[in-house]
Each structure stands twice: as C-alpha cells, then as structure tokens.
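For reference, the structure discussed in these notes is given below.
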Amino acid sequence: FSSPSSPPHPPSLPCRAAILDCDGVITSGALLISCQAAFLPIGYTISQDGTILGNGFPPYNLSILTLEAGVQKFLITATTGVTGASTLASVSIPAYLQCHTPSDYASSVSCSSNIPLTGAQCIIDVGPATPCIFPMNTSTLAPGTHNITISNSNLSSSTSFVLKAYLQCHTPSDYASSVSCSSNIPLTGAQCIIDVGPATPCTFPVNTSTLVPGTHYITISYGNLSSSASFILEGEVGGEEER
C-alpha cells in the first residue's frame with residue numbers, strides 16, 4: 001500500500017516585527033522599559049544616540065543614575081531575523097541629587113546628580129546660590145545636618161548630608177610651647193579640657209607650656225557637640241635632649 005502523500009508546506013514568509021508601543025516607568029531608582037509587538041520577535045535592542053544600552057527581550061532595567069534628567073528618547077529595535085522594526089520611546093527621567101556623608105576631618109562632601117553641572121546653581125541651607133562644583137567645600141560649615149539644592153533651568157533636586165564634629169591636633173615640633181588644633185565646632189563659646197580639666201574657653205593654638213612630656217588628650221565641647229583628640233609632647237631629661 002502506498003501512503004498518501006503529505007500536503008505541501010506553505011512557503012515561509014518574512015514576518016515583520018512591528019512594535020506597537022513602548023512605555024517607561026521609574027521605580028526604585030531604575031528605568032523599566034516594556035514593549036508590545038504585533039509579532040513575536042527573536043530579540044530586541046535598546047540604544048540611545050547610537051550607543052547600545054541593552055540587548056534581549058524587554059523589560060529593560062536601566063539605572064537612572066546614568067541617564068540625564070529630562071525627557072530622554074530611546075530607540076527600540078525588534079527583529080525576527082529577516083526584517084525588523086524600530087520605534088522611539090520617550091521617557092521623562094526625574095532629577096536626582098545624592099551626597100555622601102564625609103569621613104571625619106573631611107573638608108568637602110562628594111555629590112552626584114543627573115542634572116547637567118554646566119550652568120547649574122547650588123544652594124547649601126539658606127544660600128546664597130553659587131555655581132555647582134563637586135565635591136563641595138564644607139570647611140565653613142558647622143557640624144550637623146545640612147541641605148543642598150541643585151538647579152539648572154527647569155530641573156532641580158535636593159538632598160541632605162551630615163557633618164560630624166571633629167577635632168584635630170598636630171604633634172608639635174620638639175619643645176614647642178603650644179599645639180595647633182582645628183575643629184568645625186564653633187570656637188566662640190566652646191570649652192576645652194586638657195586631660196582631666198578644668199574646662200576653659202578654647203583658644204587655638206593650645207598653650208602646652210605647663211604640660212609634662214608624653215601623650216595628652218584634649219576635648220572641645222559646645223552645646224551638644226563635642227570631639228576629642230590626642231597629641232604628644234616631647235621633652236628633655238636632665239636639661240639634655242631625651243634619647
């Protein structure tokens with residue numbers, strides 16, 4: 001018996017990957033782009049200004065930290081392997097500003113923003129507005145929480161950072177009668193204690209003429225702010241240099 005012949009297969013036709021729509025949503029500091037296509041493509045590519053940002057199937061998860069604030073356009077290309085289609089997805093990227101609390105003794109704070117720095121103005125606390133330069137100089141600021149705002153045209157963003165109270169004292173040269181110290185605690189009204197006291201109004205440099213050689217401790221306090229440091233005084237034995 002002869003088996004019936006199988007019906008001929010229809011010819012394979014190119015299937016155009018028509019993208020219907022792409023939407024972008026900002027969530028948890030990331031840009032999530034999703035797309036719908038008329039036919040099932042075998043892959044996608046997302047790019048901006050000729051730079052490929054990702055391959056494969058959406059959704060795409062892009063960090064907004066790398067995207068400039070404002071309306072951004074992304075080229076989404078889908079392909080079936082034979083033909084392809086592209087569409088532009090427009091997404092409004094929110095402005096952000098991040099500042100990191102510096103370590104002790106730092107005189108500047110590091111910040112990052114997706115607002116263009118060229119022409120941007122920054123305000124710390126109540127002003128005045130000055131051109132933004134990162135890292136930002138904080139040497140004139142008192143300890144505590146400070147607010148900073150960056151603005152450029154219709155874009156703006158604010159954040160806060162905390163400056164720790166610090167006191168630094170530098171071991172003086174041989175037989176010096178004073179020690180140099182620096183602090184971001186306001187000296188006006190501040191009290192200083194060397195070793196076990198008593199508390200006296202702070203004056204820098206600190207007079208050490210009555211102190212014996214060795215390690216000493218100094219604490220500066222003002223209101224609820226305080227910080228401590230140590231320094232070493234060298235000395236003489238029997239009127240000669242200690243060896």
Side-chain angles (χ1 to χ4, degrees), residues 19 21-35 44-56 58-78 86-166 168 182-188 225:
I19 299 177
D21 189 29
C22 288
D23 294 313
V25 177
I26 302 296
T27 174
S28 300
L31 167 62
L32 196 66
I33 294 183
S34 301
C35 297
Y44 287 85
T45 297
I46 179 172
S47 60
Q48 187 182 39
D49 298 329
T51 300
I52 295 178
L53 303 178
N55 291 295
Y60 301 106
N61 199 329
L62 305 176
S63 171
I64 66 171
L65 304 183
T66 61
L67 302 173
E68 187 173 299
V71 176
Q72 299 291 326
K73 295 184 181 295
F74 301 90
L75 181 66
I76 315 294
T77 301
S86 298
T87 190
L88 282 175
S90 296
V91 183
S92 181
I93 306 299
Y96 82 89
L97 174 64
Q98 286 182 327
C99 294
H100 308 283
T101 295
S103 60
D104 293 350
Y105 320 135
S107 59
S108 62
V109 58
S110 297
C111 299
S112 58
S113 177
N114 62 348
I115 295 177
L117 278 185
T118 302
Q121 296 284 302
C122 281
I123 296 176
I124 297 180
D125 298 330
V126 294
T130 59
C132 294
I133 299 176
F134 294 153
M136 298 203 68
N137 183 4
T138 59
S139 60
T140 61
L141 299 180
T145 301
H146 297 273
N147 299 306
I148 177 175
T149 298
I150 180 176
S151 59
N152 192 342
S153 187
N154 61 338
L155 300 172
S156 67
S157 184
S158 300
T159 190
S160 62
F161 60 92
V162 178
L163 288 182
K164 300 177 183 178
Y166 77 85
Q168 263 187 326
S182 59
S183 176
N184 61 350
I185 296 177
L187 279 186
T188 302
L225 301 173

Worksheet entry | Separation of Gln72 CD from Gln48 CD (nearest 0.5 Å) | 5.0 Å

Worksheet entry | Minimum-distance pair of heavy atoms, taken over all atoms of Ser151 and Ser156 | CB-CB, 3.9 Å

Practice prompt. Would you check, one step at a time, whether the test side-chain contact (heavy atoms from CB on, under 4.5 Å) holds for Ile46 with Ile52?
Written response: CA-CA 6 Å; Ile46 179 172; Ile52 295 178; over 6 Å; no

Worksheet item: Does the pair Ile150 and Tyr96 meet the rule for a side-chain contact (heavy atoms from CB on, under 4.5 Å), with working shown?
Response: CA-CA 9 Å; Ile150 180 176; Tyr96 82 89; over 6 Å; no

Worksheet item: Are any non-hydrogen side-chain atoms of Phe134 and Cys122 less than 4.5 angstrom apart?
Response: yes

Worksheet item: Just how far is it from atom CD1 of Ile148 to atom CD of Gln98, taken to the nearest 0.5 Å?
Response: 12.5 Å

Discussion item. Checking side-chain polar atoms at under 3.5 Å, does Thr149 have a donor or acceptor matched by the opposite partner on Ser158?
Written reply: yes

Worksheet item: If you measure from OG on Ser108 to CD1 on Ile133, what distance do you get to the nearest 0.5 Å?
Response: 12.0 Å

Worksheet item: Does any non-hydrogen side-chain atom of Phe161 lie less than 4.5 Å from one of Thr145?
Response: no

Worksheet entry | Closest non-hydrogen atom pair, Cys111 against Leu97 | CB-CD1, 4.2 Å

Worksheet item: Just one of Thr138, Asp125, Val109, Val162 clears the side chain to side chain contact (heavy atoms under 4.5 Å, CB included) bar with His146, so which one?
Response: Asp125

Practice prompt. Would you indicate whether the side-chain heavy atoms of Pro143 and Lys164 approach each other to under 4.5 Å?
Written response: no

Worksheet item: Would you say Asn152's side chain and Ile115's backbone share a donor-acceptor pair under 3.5 angstrom?
Response: no

Worksheet item: Roughly how far, to the nearest 0.5 Å, is the CD atom of Glu68 from the OG atom of Ser113?
Response: 9.5 Å

Worksheet item: Any chance the side chains of Asn137 and Ser139 put a donor and an acceptor closer than 3.5 Å?
Response: yes

Discussion item. Rounded to the nearest 0.5 Å, what separates atom NE2 in His100 from atom OG in Ser110?
Written reply: 7.0 Å

Discussion item. Donor-acceptor check, side chain of Ser47 to backbone of Leu53, threshold 3.5 angstrom: yes or no?
Written reply: no

Discussion item. Quick one: does any side-chain atom of Asn114 pair with a main-chain N or O of Pro94 as donor and acceptor, under 3.5 Å?
Written reply: yes

Worksheet entry | Point-to-point distance, once rounded to the nearest 0.5 Å, from OH of Tyr166 to CG of Leu225 | 13.0 Å

